[in-house]
Amino acid sequence: MPELPEVETTKRGISPHIENRRVKEIIVRQKKLRWEVPNNLNRDLVGKIIFTVKRRGKYLLLASDNGTLIIHLGMSGRLRIVNKDLIAEKHDHVDVVLENGKALRFTDPRRFGCVLWEASDIDSHPLLKNLGTEPLHDEFESDYLFKASRGRSIAIKTFIMDSKIVVGVGNIYANESLFLAGINPKRPAGKISKAKYDKLVPSIKKILREAIAVGGTTLRDFTNSSGEPGYFKQSLNVYGRGGENCIRCGNGLKEIRLGQRSTVYCTQCQN
DNA sequence: ACTTCGACCTGTTGGC
DNA sequence: TGCCAACAGGTCGAAG
């Protein structure tokens, strides 16, 4: 499912139903996700209260007195609140059942997501400890990106998608941000000027903020709770528009592969 | 230390 | 209409 806006939207959606609720049961129907779902959850999380839901990059962190449940949605994961007795379907892999009769249900057809547990210091977890800055925090600014990029030969698009540099910039929004900033995605990160980074950082923040504001509904197969299609394409200037015309100059948009990922840009506007 | 690429999975799409 | 290859929002970890 997710890029950062979709994860943030999910967090906001589930938090009111989860925070300060006691866990009654954990149901694992399929433990083979990206990593195996640990066996200790019924021992360590059941009976505890989840007191906060936080997000770090694209990881959702459900904290209890005993430890933290770590959830990543991978490529196709979803989380929603259901009545605990709602019949589980094919890809409904994990339920966190609450004492109020509701359950947090994790669904993930491709199983690239994960449900993990950290008993002690969440920031020291191997998946989290090396993560870069949050793109919407103040410490993500052009001076940081500029300095981090010196000596790097990788394409700027690949660079801003590197979670050790900055978290949460996925393929769709990397394409969109570079269009907004007027930067060719293939340009080596280390050869881009400070002035360009001064444009790029606000572009990333703007794209992500706007996507969160509309509920992160940028996904091809997104439908809201009433079954209406989301805003896919309506808010996208380049992603998924290879061969179509640039909205700014009318030139044909070029589609290439960069780091095995679909990349679309305007050869006139982005250089 | 940096860069590239395979791997993990299922479902959907587009070409023949 | 059917079949099959290619591709899809992520990202880790091995290999070069």
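Residue numbers start from 1 in every chain, and the chains themselves are labelled A, B, ... in the order their sequence lines are given, proteins ahead of strands. Values below: every heavy atom of this structure, side chains too, minus hydrogens, waters and symmetry copies.
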How would you label the contact of [X] with the nucleic acid (heavy atoms, under 4.0 Å): base, sugar-phosphate, or nothing?
X: A:Lys164; answer: nothing
X: A:Leu33; answer: nothing
X: A:Arg257; answer: sugar-phosphate
X: A:Tyr59; answer: sugar-phosphate
X: A:Thr158; answer: nothing
X: A:Arg111; answer: sugar-phosphate

Next item on the list: Run the salt-bridge test on A:Glu134 and A:Arg56 with the 4.0 Å N-O cut-off and return the result as yes or no.
Entry: yes

Does [X] make a side-chain N or O approach to OP1 or OP2 of [N] shorter than 4.0 Å?
X: A:Ser262; N: C:dA8; value: yes
X: A:Arg152; N: B:dC2; value: no
X: A:Ser153; N: B:dT3; value: yes
X: A:Lys32; N: B:dC9; value: no
X: A:Arg261; N: C:dG10; value: yes
X: A:His91; N: B:dT10; value: no

Next item on the list: Identify whether a stacking contact exists between A:Phe112 and B:dC8, where the ring centres must be under 5.5 Å apart and the planes under 30° apart.
Entry: yes

Item checked: Side-chain donor-acceptor contact under 3.5 Å, A:Asn184 with A:Lys157 -> no

Check: Are a donor atom and an acceptor atom from the side chains of A:Glu118 and A:Ser120 found within less than 3.5 Å of each other?
Finding: yes

Note to self: Rounding to an integer number of angstrom, what distance separates C:dC7 and B:dC5 when you compare their P atoms?
What the structure shows: 15 Å

Notebook entry, point to check: Under 3.5 Å, side chain of A:Thr263 to main-chain N/O of A:Arg261, donor-acceptor pair present?
Noted result: yes

Margin query: Looking at B:dC9, which nucleotide sits across from it as a Watson-Crick or G-U wobble partner, both distances under 3.5 angstrom, or is there none?
Written below: none

Notebook entry, point to check: So which one's nearest nucleotide on DNA chain C is more toward 5', A:Gln260 or A:Arg34?
Noted result: A:Gln260

Item checked: Ring geometry between A:Phe106 and A:His93 (parallel below 30°, tilted from 30 to 60°, perpendicular above 60°) -> tilted

Next item on the list: For the side chain of A:Arg110, starting at C-beta, report the closest nucleotide among C:dC12, C:dT11, B:dT10.
Entry: B:dT10

